[in-house]
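Worth saying up front: this structure is predicted, and the values here are computed from it rather than measured. Below, chains carry the letters A, B, ... as their sequence lines are ordered, and counting in each starts from 1.
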Amino acid sequence: MTRPKRDIMISRQITDLIKEHVADIPVQHEISFIQDPKFGDYSSNIAFLLAKIENRAATDIANELKDKLSKYPIFSNVSVAGRGFINFTLARDFLISQISAADQNDFGKVNIGNQEKILVEYISANPTGPLNVVQARAGAFGNALVNLLRYVNYDAVSEYYINNTGTQIEMLYESLLARINEFNDKPSLIPENGYHGLYLKELARQILDNKIPQDQWQNYLLETIIARQKDTINKFGLHFDNFVRESTFIPRREQVLEKLKSYTYRKDGALWFKSTDFKDSEDRVIITANGRPTYILSDLAYHWDKFDRGFTTLINIWGPDHHGYIARMHGGIKVLGFNPERLIVIIAQQVTLLRNKEKIVMSKRAGEFITLEEVMNEIGPDALKFFLLMRRPSQHLEFDLALAQKTSQENPVYYVQYAYARINSIIKNALEKNLSESTKPDLTILESDTEQALIKMIIHFPDLIAASAKHFEPHHLIYYLIQLATAFHAFYEKVRVITDDATETQARLYLCQCTQKVIQNALSILGVSAPEKM
RNA sequence: GCGCCUGUAGCUCAGUCGGAUAGAGCAUCGGAUUUCUAAUCCGAGGGUCGGGGGUUCGAAUCCCUCUAGGCGCGCCA
């Protein structure tokens, strides 16, 4: 007998039942996961919304619906609370029917994206030095976001844009020359806006030692820095589908200029883009008085190319110093003939690093910064990612490196990973005792409070994924993982998995496996490893 | 001066985009292990959601205003 495939999202299943009694469900309708179990498991705000439309009391509507919805066997209880909430408690049989889907490797995958092509561009650091911690944050976030979008069926692509031309690159080269002169005992002065980091001194040494011909210095410099950045990215565990170079778009700048023509004017020898027509605070130079194109010209060419490649949504993750850049980009994109709303800019706010409560001021150009490499070496890529992803991107983030190390024992990443490792150990023990997994364990015996609570957390996973993806907010997964781990640890303390009772053992092993799969799926979206043992 | 972000427990932060008695971790205090990993569990205390006004059935959330902090404001990126 075939039945239509049931939706794995609890919220959708409940909504479907409400739909049988309410013809038009307002878009603001929400099924929320209730944290406090005394109210139930999920709640609906439908009565409030209908009250406004029908001009009736919310409690009356809620009570009517309650009577109608109570008859469905998926609920063990439906109640009305507050001024008109409808609260649902899920029936045990229903929980069991849902958990039986949770040992699938793809559990939690829901369709939101419909294979829409979406491009996520992040980090895109200038190839002028080592990656820093803000870029680490953008990196951890972008990587997790791409994974999350793919999980909900977007055709998501990650891209890193390398600004390998322009004034900054020349400045970098001049700074290198100064360092080389330094070694050759010639007069040397790093330009005022140049790069003072010691890595350039080290590179200068390398160039001299390897007797690199002078006409290759600039290329050697750039390629070395780019290679090092990529190396750091790999060590941090980030994956990019494409690395795109700004130089690729030089030919296309002309076409951008052509399109922008009616929104440009000459002043003081420069060519200006009338971005104030698009809510920018001032107009912007696109060709300088000495004939150089500014950054935005290439960037517009690049974004034009993104749209040409068929992406319908572009997400850019920028540092806080770029917020003033958004208006002109949106303006430019509009003039190019695309919908500026299709470019979504997420600002990854600043990261303030402290060491022993003292702020570390970071400026790449001044050469004072803690690199991503250094932080990673101190606290490890997993803990660093987890930490950076815990905060929503708009939140300014501060953490003390000394503290992060000192409290690493209580670090939430270990708490979650420990749950995974614990389960692994249990399963290993079961295998050693030749307890074969039952394909159809009798799950009805999972009736204790901690078991029920754990099941509820597990089957909520698809809803959590959907909500996180919808708002581009991977940080919800962190809080979910901590809750899930809490539910598991509580279960572990309360009941024994491997006992003399075969039925009980198999049912509990099954629950462990489901928990483990969910932890694994969530961690892998975040880019954090799931260790077999700790 | 203009723009962006932030202000929630002692500390670091969530709060499913307007919903119920505002939550978690850390820290503090008090308990738990002869059994599958104590990197664990159970419990307690701790709040004028920066202040004020407005919108409505209902506001930490939306609007206005004040205030505090951070960042940005280049013919750099």
Take atom [atom1] in [N] and the same atom in [M], then report the distance between them in whole Å.
| N | M | atom1 | value |
| --- | --- | --- | --- |
| B/rC63 | B/rG23 | C1' | 27 Å |
| B/rG7 | B/rG52 | C1' | 16 Å |
| B/rG25 | B/rC42 | P | 9 Å |
| B/rC4 | B/rA9 | C1' | 28 Å |
| B/rU8 | B/rG69 | P | 14 Å |
| B/rG70 | B/rG31 | C1' | 43 Å |

Using OP1 and OP2 only, check whether a side-chain N or O of [X] sits under 4.0 Å from [N].
| X | N | value |
| --- | --- | --- |
| A/His489 | B/rA38 | no |
| A/Tyr414 | B/rA38 | no |
| A/Arg56 | B/rC57 | no |
| A/His476 | B/rG15 | yes |
| A/Tyr492 | B/rA38 | yes |

What string of B, S and - do you get for nucleotides 3-8 of chain B, 5' to 3', when a contact is any protein heavy atom under 4.0 Å? BSBS--
Hey, does A/Gln483 reach any base, or is it just sugar-phosphate, or nothing, if we go heavy atoms under 4.0 Å? nothing
Under 4.0 Å between a Lys/Arg side-chain N and an Asp/Glu carboxylate O for A/Lys428 and A/Glu532? no
May I ask you to say whether A/Glu121 pairs ionically with A/Lys306, meaning some side-chain N is under 4.0 Å from a carboxylate O? yes
From A/Leu148 CG over to A/Phe472 CZ, what is the distance, rounded to the nearest 0.5 angstrom? 9.5 Å
Check: A/Tyr122 ring centroid to A/Tyr160 ring centroid under 6.0 Å: no
Suppose we define a pair by two distances each less than 3.5 Å, Watson-Crick or G-U wobble; what does B/rA68 pair with here? B/rU6
Under 3.5 Å between N/O atoms: give me all the protein pairs with nucleotides 32-35 of chain B, atom names plus distance.
{"from": "B/rU35", "atom 1": "O2'", "to": "A/Arg496", "atom 2": "NH1", "distance (Å)": "3.0"}
{"from": "B/rU35", "atom 1": "O2'", "to": "A/Arg496", "atom 2": "NH2", "distance (Å)": "3.3"}

